[in-house]
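Reviewing the structure listed below.
Note that the numbering runs from 1 along the sequence shown for the chain. As the structure is a computational prediction, the values presented were derived from the model and not from experiment.
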Amino acid sequence: MTLFILLACLGGVLVGLSRQLNGRLSISTTPLIASFWNHAVGFAVLTGLGLFVGGLLPAGAAEAPWYAYLGGPLGVVFVAAGSWAIARIGAVNSALLIIGGQMVTGVVFDYISAVPGSFWANAGGILLIIGGMVVSRGRRKVERPQ
């Protein structure tokens, strides 16, 4: 179990590093160019890893429904929007926005799918997420007179 926790932490660090690099690249160029390089490098690394480890094309990939492949175009939009947001609101605020959005969307999907759960616990969780984002957004650095 410890190995999987460490792998999850490593994945989080790598995602944060990727977002920082994309944000910096988007400041130097444009969010679309940053998104292009993100996907080009990711494609090359994952293709090489798939060829090395095996399983590049899993069995049954051709029989998958068409909407199973919408992740790619949605990923391009997400990375470009993230690169744009990091340049404007900063890495921490964009990470909070992404995490909060994922959590709230997960609760909404659970509610739509009629997954059993407490309405009040879900509503309270959403309020805590939104409240945390408001509190973190409301903090300002106070300048000290010298």
d(T29 OG1, R24 CZ) to nearest 0.5 Å is 9.5 Å

Smallest separation among heavy atoms of W66 and L70, with atom names
CZ3-CD1, 3.8 Å

Would a 4.5 Å heavy-atom cut-off, applied to side chains only, mark L3 and L7 as touching?
yes

Should F36 and V76 be counted in the same cluster of Ile, Leu, Val, Met, Phe, Trp and Tyr side chains packed under 4.5 Å apart?
no

Linked, directly or transitively: V115 and Y111 (ILVMFWY side chains, under 4.5 Å):
no

Report yes if the side chains of F78 and I98 come closer than 4.5 Å at any heavy-atom pair, otherwise no.
yes

Indicate if M103 and I126 have the same hydrophobic cluster label, given that clusters are the connected sets of ILVMFWY residues with side-chain heavy-atom separations under 4.5 angstrom.
yes

Hey, what do you get for CG (L10) to CD1 (I5), rounding to the nearest 0.5 Å?
14.0 Å

Which distance, rounded to the nearest 0.5 Å, do you find between the CG of L25 and the OG1 of T30?
8.0 Å

Distance, nearest 0.5 Å, that separates CG of L51 from CG of L57
9.0 Å

More than 12 heavy atoms of other groups within 6.0 Å of Y69 OH:
yes

Shortest non-hydrogen contact from L56 toward L46
CD1-O, 4.4 Å

Interatomic spacing from CG in D110 to OG1 in T105 - rounded to 0.5 Å:
11.0 Å

Looking at every non-hydrogen atom in both residues, tell me the closest pair between L32 and A80 and how far apart they are.
CD2-CB, 4.1 Å

